[in-house]
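Keep in mind it's a predicted model, so treat the numbers as computed, not measured. We number each residue from 1, following the sequence as shown.
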Amino acid sequence: MKNLKTLMPFLVGMLIFYAPLKASPFLQDSDQDYVEYKGEVINSNNEDVIVNAHLSVNETNISTVTNSEGKFSLKVPNGTSPATVNISYLGYQSKNLPLSYFKPRGTIIYLEPVVEELSEVKVYEAGDARRLVRTMLANRGDNYIDDPTQMTAFYRESISKGNRNVSLSEAVVKIHKKPYSDFGEEDIELVKARKTADYERLDTLALKLRGGPFNTLFIDVMKYPDYLFYERDLDNYEFSFEEPTQIDNRYLHVVRFEDMNKDMPWFFGTLFIDAETQSLVRAKLNMNVDNRRAATNMFVNKKPGGTKVYPIEVMYDIDYHQQDGKWYFGYSNAQLLFVVNWKKKLFNSRYFVDSEMAVTNWQPQSEDRIKKGDNFLNKRVVMADDISGFTDLQFWGSNNIIEPDKSIQNAIEKIQENIQ
C-alpha cells in the first residue's frame, strides 16, 4: 500500500465564520425532451427495500441506481419506447421489464433472492483464492472497457453531524475515463452543480471533504489496483473463499481478503469475481483505523488547536456493470465516520461523511486529446467551497440522478425555503 494518503478521502477542519446562503443562477433545460419514471425496488420475500439496485435501459447506456431507501428516478429520452429495462442486484434474480410497465410515480419492482444451490460444478474450478485474484488483476485490460470513454455521472456528497445534514453538494460531471490498461489518472469535468452548508449547526468547526468526485473515482479498484494492493505483494494478504453467489444470472466467486501488515491502517473486505471471466464485479472494502495517530495523519489535513480528530469507520463500495461483453465502472460509495474531541469539553461530536457517484450514461471519447477548460476540476477541489447555489426542482433537467432520500430531500426543501 503506497501513496494512500494522496488518494483516499481526507477532511479539512478549520475555524470559520457563518455567512448567509446566497443562491447562484444556473441554466435550465428549456424543453422537456425526456420522460421520468419513479418507483422503488423491493425484496419479494420480506418487502425490504433494495439499496443500490442497478436499472439500465437495454440496448442503451442509460442507467441509474436506487437510493438508501430503495427508490429510483429514471429519465429516458422521448421516443425511446418500446424498450426494456434490466433491474439487477447481487444475490437476486435479475428482471427485464418493458418500459411501458414504468409509471411517472409509484412503480414497484420486486426482485426474488437467489435460492439455487451453487455447486462447485456450476461455479467453475477456481483453485487457490490468491491465484484467482492475481488472474483478475492480470486480465483487466481484456475484461474492461479498454478505449477512452466519456462517462456522464451524478455525484452527491453530504456531511452530517449526528442525524442532521450540515453540508450537501451535488453535481453532474463528465468523467474522461482512460483505458484500464493505461496507468494514467483521469479527468473530471463539471457540467452543473449545487451546494450549501449550514455552518450554524457546525459549532465552530467546519468539516470539508477535499477531492470531491475524485474520492469516489479513485475507488475503482481495477483502474487503480495499486492503492489497494500490489500484484507482486499479494503474498502479504490472506485470501479465502466464501459461499458463491450470482448477479444477472452470472455465477460469482466471493473472496474475503485481509492485509497481514497491521502496522498502519489496513484494508480488509470482500471481492465478488465473475466465475467465467475472472472479472471483478463488486468490491466491499473496509479500513481498520484502530491506530488513531496513523489514521489521523492519513485523513486529517488541518484541525483547530485544542481538538483531536480521528476516523472510527472507513468503508468503500464499488460496482461494475457489463455492456457488450466488457465491464465498466458503474457506482462507488465512500463512507467515513469521524470523532471530534474538544479539549475541556465533556462530550465529543461525530461527523458522518457520505459521498457516492453513479454513472448514468457513457459513450466512446470522440477526441484524441482532451482540451481542459475552466470546468475541469482540480483533484484537491472542495465542493462545499468551489460551487454555489440551490435552485428549483427541475434543476437537473434530463440528467439521471440518484433519487434523494428523505433526509436529503428535507434538507433541500429547507434550503429552498430559506432562499425564497
Side-chain angles (χ1 to χ4, degrees), residues 1-11 52 54 61 63-65 140 144-158 169-193 195 208-229 267 269 280-285 287 299 314-321 326-336 353-363 365 370 372 375-384 386-387 399-402:
M1 231 180 340
K2 298 181 181 179
N3 299 326
L4 191 60
K5 183 177 175 62
T6 63
L7 279 183
M8 288 301 176
F10 56 93
L11 294 181
N52 295 340
H54 180 234
N61 298 328
S63 64
T64 190
V65 297
R140 64 181 185 147
Y144 295 82
I145 294 176
D146 207 38
D147 295 309
T149 305
Q150 178 180 285
M151 294 180 166
T152 302
F154 176 75
Y155 172 77
R156 177 181 289 134
E157 169 190 309
S158 65
S169 303
E170 297 181 318
V172 172
V173 298
K174 289 182 180 178
I175 305 169
H176 297 278
K177 199 104 172 92
K178 293 186 177 180
Y180 276 80
S181 57
D182 189 323
F183 287 93
E185 293 183 1
E186 296 154 330
D187 297 308
I188 296 179
E189 183 179 0
L190 190 66
V191 177
K192 56 180 5 179
K195 68 92 182 180
K208 300 178 182 179
L209 182 66
R210 178 172 286 168
F214 286 100
N215 293 310
T216 46
L217 180 62
F218 286 143
I219 303 170
D220 185 350
V221 173
M222 297 308 296
K223 183 66 178 71
Y224 303 99
D226 290 353
Y227 299 100
L228 179 60
F229 37 61
F267 276 114
L280 183 67
V281 173
R282 185 180 187 186
K284 297 179 71 67
L285 313 176
M287 181 181 284
F299 286 95
V314 179
M315 298 176 290
Y316 305 100
D317 207 344
I318 170 75
D319 279 330
Y320 297 90
H321 305 309
K326 294 281 188 176
W327 296 88
Y328 67 94
F329 167 76
Y331 173 83
S332 59
N333 176 239
Q335 297 183 346
L336 304 95
V353 182
D354 189 353
S355 58
E356 60 182 337
M357 185 159 64
V359 172
T360 59
N361 210 331
W362 60 271
Q363 60 186 10
Q365 185 74 59
I370 302 300
K372 294 185 181 180
N375 290 334
F376 278 74
L377 296 178
N378 185 289
K379 291 180 177 63
R380 297 177 66 82
V381 65
V382 178
M383 298 292 285
D386 297 332
I387 62 174
N399 293 290
N400 273 293
I401 66 168
I402 303 172

S.K.: Please determine whether side chain to side chain contact (heavy atoms under 4.5 Å, CB included) holds for the pair Arg282 and Asp317, giving the CA-CA distance in whole Å, both sets of side-chain angles, and the decisive distance to 0.1 Å.
M.R.: CA-CA 8 Å; Arg282 185 180 187 186; Asp317 207 344; 2.8 Å; yes
S.K.: Rounded at 0.5 Å granularity, tell me how far CZ in Phe214 sits from NZ in Lys379.
M.R.: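 Spacing of CZ (Phe214) from NZ (Lys379) equals 4.5 Å.
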S.K.: Compare every heavy atom of Pro213 with every heavy atom of Met357, then report the nearest pair and how far apart it is.
M.R.: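 Looking at all heavy atoms of both residues, the shortest contact is CE-O, 3.7 Å.
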S.K.: May I ask you to establish whether Lys177 and Tyr328 are in a cation-pi arrangement, using a distance under 6.0 Å from NZ or CZ to the six-membered ring centre and at most 45° from the ring axis?
M.R.: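 No, Lys177 does not lie over the aromatic ring of Tyr328.
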S.K.: Carefully, step by step, assess Tyr331 and Ile402 under the rule side chain to side chain contact (heavy atoms under 4.5 Å, CB included).
M.R.: CA-CA 11 Å; Tyr331 173 83; Ile402 303 172; 4.2 Å; yes
S.K.: Taking the side chain as C-beta and beyond, is there a heavy-atom pair between Ile175 and Tyr155 under 4.5 Å?
M.R.: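 The answer is no, as the side chains (C-beta and beyond) never meet within the 4.5 Å cut-off.
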S.K.: What's the shortest heavy-atom distance between Val65 and Ala358, and which atoms?
M.R.: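 Looks like CG2-CB, 4.0 Å.
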S.K.: Under the 3.5 angstrom rule, does the side chain of Asn375 hit a backbone N or O of Val191 as a donor-acceptor pair?
M.R.: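 No, Asn375 side chain to Val191 backbone: no donor-acceptor pair under 3.5 Å.
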S.K.: Are Leu217 and Glu186 close enough that some pair of their side-chain heavy atoms sits under 4.5 Å apart?
M.R.: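 They are in side-chain contact.
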S.K.: Quick one: closest heavy-atom pair of Lys223 and Asp182, and the distance?
M.R.: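 Scanning both residues completely, I find the closest heavy atoms to be NZ-O, 2.6 Å.
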S.K.: OG/Ser181 to CD1/Ile145 distance, rounded to the nearest 0.5 angstrom?
M.R.: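 CD1 of Ile145 is found 12.5 Å from OG of Ser181.
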S.K.: Can you tell me how far apart OH (Tyr227) and CG (Asp220) are? Round to the nearest 0.5 Å.
M.R.: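 Going from OH on Tyr227 over to CG on Asp220, the span is 12.5 Å.
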S.K.: Nearest 0.5 Å please: distance from the OG1 atom of Thr152 over to the CH2 atom of Trp362.
M.R.: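 With rounding to 0.5 Å, OG1 (Thr152) is 12.0 Å from CH2 (Trp362).
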S.K.: Starting from the C-alpha separation in whole Å, work towards a yes-or-no answer on salt bridge (charged side-chain N to carboxylate O under 4.0 Å, His left out) for Arg156 and Asp354.
M.R.: CA-CA 8 Å; Arg156 177 181 289 134; Asp354 189 353; over 6 Å; no
S.K.: Please report the C-alpha distance between Glu170 and Lys195 in whole Å, then the side-chain angles of each, then the deciding distance to 0.1 Å, and finally whether the side chain to side chain contact (heavy atoms under 4.5 Å, CB included) criterion is met.
M.R.: CA-CA 6 Å; Glu170 297 181 318; Lys195 68 92 182 180; over 6 Å; no
S.K.: Starting from the C-alpha separation in whole Å, work towards a yes-or-no answer on side chain to side chain contact (heavy atoms under 4.5 Å, CB included) for Leu190 and Val173.
M.R.: CA-CA 5 Å; Leu190 190 66; Val173 298; 4.1 Å; yes
S.K.: If only atom types and distance count, is the side chain of Ser63 paired as donor or acceptor with the main-chain N or O of Val359 below 3.5 Å?
M.R.: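 Yes: the side chain of Ser63 pairs with the backbone of Val359.
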S.K.: May I ask you to test the Glu185-Phe218 pair for a side-chain heavy-atom distance under 4.5 Å?
M.R.: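 In short, these two side chains touch, coming nearer than 4.5 Å.
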S.K.: Check Met383 against Ala171 and note the closest heavy-atom contact, atom names and distance.
M.R.: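 Of all heavy-atom pairs spanning Met383 and Ala171, the closest is CE-CB, 3.9 Å.
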S.K.: So do Met151 and Lys174 actually touch side chain to side chain, heavy atoms under 4.5 Å?
M.R.: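 No, every pair of side-chain atoms sits at 4.5 Å or beyond.
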S.K.: Give the minimum heavy-atom separation between Val221 and Leu285, together with the two atoms involved.
M.R.: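 Reported closest heavy-atom pair: CG2-CD1, 4.0 Å.
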S.K.: Parallel, tilted or perpendicular: which fits the ring planes of Tyr320 and Phe329, with parallel below 30° and perpendicular above 60°?
M.R.: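 The arrangement is perpendicular - the two ring planes meet at more than 60°.
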S.K.: Roughly how far, to the nearest 0.5 Å, is CD1 of Ile318 from NZ of Lys284?
M.R.: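 The NZ atom of Lys284 sits 12.0 Å away from the CD1 atom of Ile318.
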S.K.: Is it true that the side chains of Gln335 and Asn333 contain a donor and an acceptor less than 3.5 Å apart?
M.R.: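 Present: a donor and an acceptor within the cut-off.
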S.K.: Can you tell me how far apart CD (Glu157) and CG (Leu209) are? Round to the nearest 0.5 Å.
M.R.: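 That separation rounds to 4.5 Å.
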S.K.: Kindly give the heavy-atom pair with the smallest separation between Trp327 and Val281, and that separation in Å.
M.R.: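 In this case the closest contact between Trp327 and Val281 is CH2-CG2, 3.6 Å.
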S.K.: Tell me, do Asp319 and His321 make a side-chain contact under 4.5 Å, heavy atoms counted?
M.R.: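 A side-chain contact exists here, since the closest heavy-atom pair is under 4.5 Å.
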S.K.: Is there side-chain contact between Lys192 and Asn399, with at least one heavy-atom pair below 4.5 Å?
M.R.: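 Counting from C-beta outward, Lys192 and Asn399 do come under 4.5 Å.
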